[in-house]
Protein chains: 2
Amino acid sequence: MERNSTYKDSLKQSSLKNTKHRCEILNILDHSESPLSAGEVYKKLSDMNIKINLSTVYRILEVLTEKKLVNRLNIVGDKKALYETNKTTHRHYLVCTGCKMILPINYCPLSLYEAELEKKTNFKIEGHNLDIYGLCPDCQNKIL
Amino acid sequence: MERNSTYKDSLKQSSLKNTKHRCEILNILDHSESPLSAGEVYKKLSDMNIKINLSTVYRILEVLTEKKLVNRLNIVGDKKALYETNKTTHRHYLVCTGCKMILPINYCPLSLYEAELEKKTNFKIEGHNLDIYGLCPDCQNKIL
DNA sequence: GTCAGTGCAAAGATTTTGCACTTTG
DNA sequence: CAAAGTGCAAAATCTTTGCACTGAC
């Protein structure tokens, strides 16, 4: 895959060694519509006939998160952590409480607010987690 | 404690049986500065010499969440769920990535945004999870 | 008395860790 | 070659569940 060289560069810039597994995981997260759990990443790899250990997946996701190549999310109602690549476009998710569908939202209403909060609290704000939940149109109809 | 009658009423209104354990848990969450995990609630009860099983704590928190007497939160970087009583004043938390301190914030910048999003997506929005993270003043100094 | 609530023990799910082997730079 | 990465097995943590007993209404 041509774009794997990009992942290689990202790894290099974060002073991480370039391994096939890391590129594959970055690739998977990069091409996923919605954030994935460690188990889901592992499953995708297995489906692609890539042999890897689940604990390695966890370790890779951990180090990628640390280096900010990946974000770790905790979405409401889901007890496991989800991961997404750290796109330049910051996004949030709208989660359906019925069917658990996850809809990405590209607009973030919080940047102004964060600046304000920084002044008020003297925190050095690094980021935020926001997910919004409700019923998607389909699930609203099912209830009727 | 005089206010336990209030908890009793809340339980009644949610058609839950009034038990000592439930009132005690509501009481603990109500008087906690920051949200607590199931384990922490359990520990507080034990410290008060109240004998209860951890699984009962989980079951109570579950049913209280279901009845909206309590909110379940998933705060960034914490793999376990945290619970808070559902105060009339909706709040968020500012979490220090250094010392893990949790600072409640009473203002919510999202209500207007939610209305807008509801129109745009046709979701029936029920709520959101927001927590903001960064370094508190103390931890900023420690780094220098 | 009935049904919901609880304790206990056990299992399930997710995540982490120690150690030996392998690979990258 | 050294240091970082990986597989495997085992454990740690958090959470849920089945069943029998107890307590609320």
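Hydrogens, waters and symmetry mates play no part in the numbers below; they use all other heavy atoms, side chains included. Keep in mind that what you see is a predicted model, and the values were worked out from it rather than measured. Naming: A, B, ... by sequence-line order, numbering from 1 per chain.
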Measure from [atom1] on [X] to [atom2] on [N] and round the result to the nearest Å.
X: A:Leu11; N: C:dT24; atom1: CG; atom2: C1'; value: 12 Å
X: B:Ile50; N: C:dG7; atom1: CD1; atom2: C1'; value: 16 Å
X: B:Asn74; N: D:dC14; atom1: CG; atom2: C1'; value: 12 Å
X: A:Ile52; N: C:dT22; atom1: CD1; atom2: C1'; value: 14 Å
X: B:Ile75; N: D:dC14; atom1: CD1; atom2: P; value: 15 Å
X: A:Glu24; N: D:dG5; atom1: CD; atom2: P; value: 16 Å
X: B:Leu45; N: C:dG7; atom1: CG; atom2: C1'; value: 15 Å
X: A:Lys8; N: C:dT24; atom1: NZ; atom2: C1'; value: 11 Å

Requested in this report: Tell me what B:Ser55 touches on the nucleic acid: a base, only sugar-phosphate, or nothing, going by heavy atoms under 4.0 Å.
Outcome: base
Ignoring backbone atoms, establish whether [X] has a side-chain N or O less than 4.0 Å from OP1 or OP2 of [N].
X: A:Arg59; N: D:dG5; value: no
X: A:Tyr58; N: C:dT15; value: yes
X: B:His21; N: C:dG5; value: no
X: A:Asn53; N: D:dC8; value: yes

Report summary line: Closest to the 5' end of DNA chain C, once B:Thr56 and A:Leu54 are matched to their nearest nucleotides, is B:Thr56
Report task. Compute whether any side-chain donor of one residue and acceptor of the other, for B:Tyr93 and B:Glu84, lie under 3.5 angstrom apart. Result -> yes
Query raised in the report: How bent is the helix from C:dG1-D:dC25 to C:dG25-D:dC1, comparing axes over its five end pairs at each side, to the nearest 10°?
Result: 40°
Query raised in the report: Does the side chain of B:Asp78 reach to within under 4.5 Å of the side chain of A:Asn74, using non-hydrogen atoms?
Result: no
Report task. Determine, for nucleotides 20-25 of chain D in 5'-to-3' order, which nucleotides have protein heavy atoms under 4.0 Å from the base (write B), from only the sugar-phosphate (write S), or from neither (write -). Result -> ---BBS
Query raised in the report: Between A:His90 and A:His128, how do the two ring planes meet: parallel, tilted or perpendicular, split at 30° and 60°?
Result: perpendicular
Could you tabulate the donor-acceptor pairs under 3.5 Å formed by side-chain atoms of residues 37-46 of chain A, not counting sequence neighbours?
residue, atom, partner, partner atom, Å
A:Ser37, OG, A:Glu40, N, 3.1
A:Ser37, OG, A:Glu40, OE1, 3.4
A:Glu40, OE1, A:Ser37, N, 2.8
A:Lys43, NZ, A:Asp47, OD1, 3.4
A:Lys43, NZ, A:Asp47, OD2, 3.1
A:Ser46, OG, A:Tyr42, O, 3.0

Just verifying a value: how many Å separate [X] [atom1] and [Y] [atom2], rounded to the nearest 0.5 Å?
X: B:Glu33; Y: B:Ile102; atom1: CD; atom2: CD1; answer: 11.5 Å
X: A:Asn86; Y: A:Leu64; atom1: CG; atom2: CG; answer: 11.0 Å
X: B:Asn129; Y: A:Asn129; atom1: CG; atom2: CG; answer: 8.5 Å
X: B:Ile132; Y: B:Leu103; atom1: CD1; atom2: CG; answer: 10.5 Å

Report task. Could you state whether B:Val57 and B:Leu11 fall into the same hydrophobic cluster, counting links through intermediate Ile, Leu, Val, Met, Phe, Trp or Tyr residues with side-chain heavy atoms under 4.5 angstrom apart? Result -> yes
Report task. Ignoring the backbone of A:Lys80, work out which of C:dT15, C:dT6, D:dG5 is nearest its side chain. Result -> C:dT15
Query - Of the listed nucleotides C:dT14, D:dC19, D:dG7, the one nearest the side chain of A:Lys79 - result: C:dT14
Query raised in the report: Please walk me through it: do A:Tyr7 and A:Asp30 pass side chain to side chain donor-acceptor pair (under 3.5 Å)?
Result: CA-CA 10 Å; A:Tyr7 303 134; A:Asp30 224 8; 2.8 Å; yes
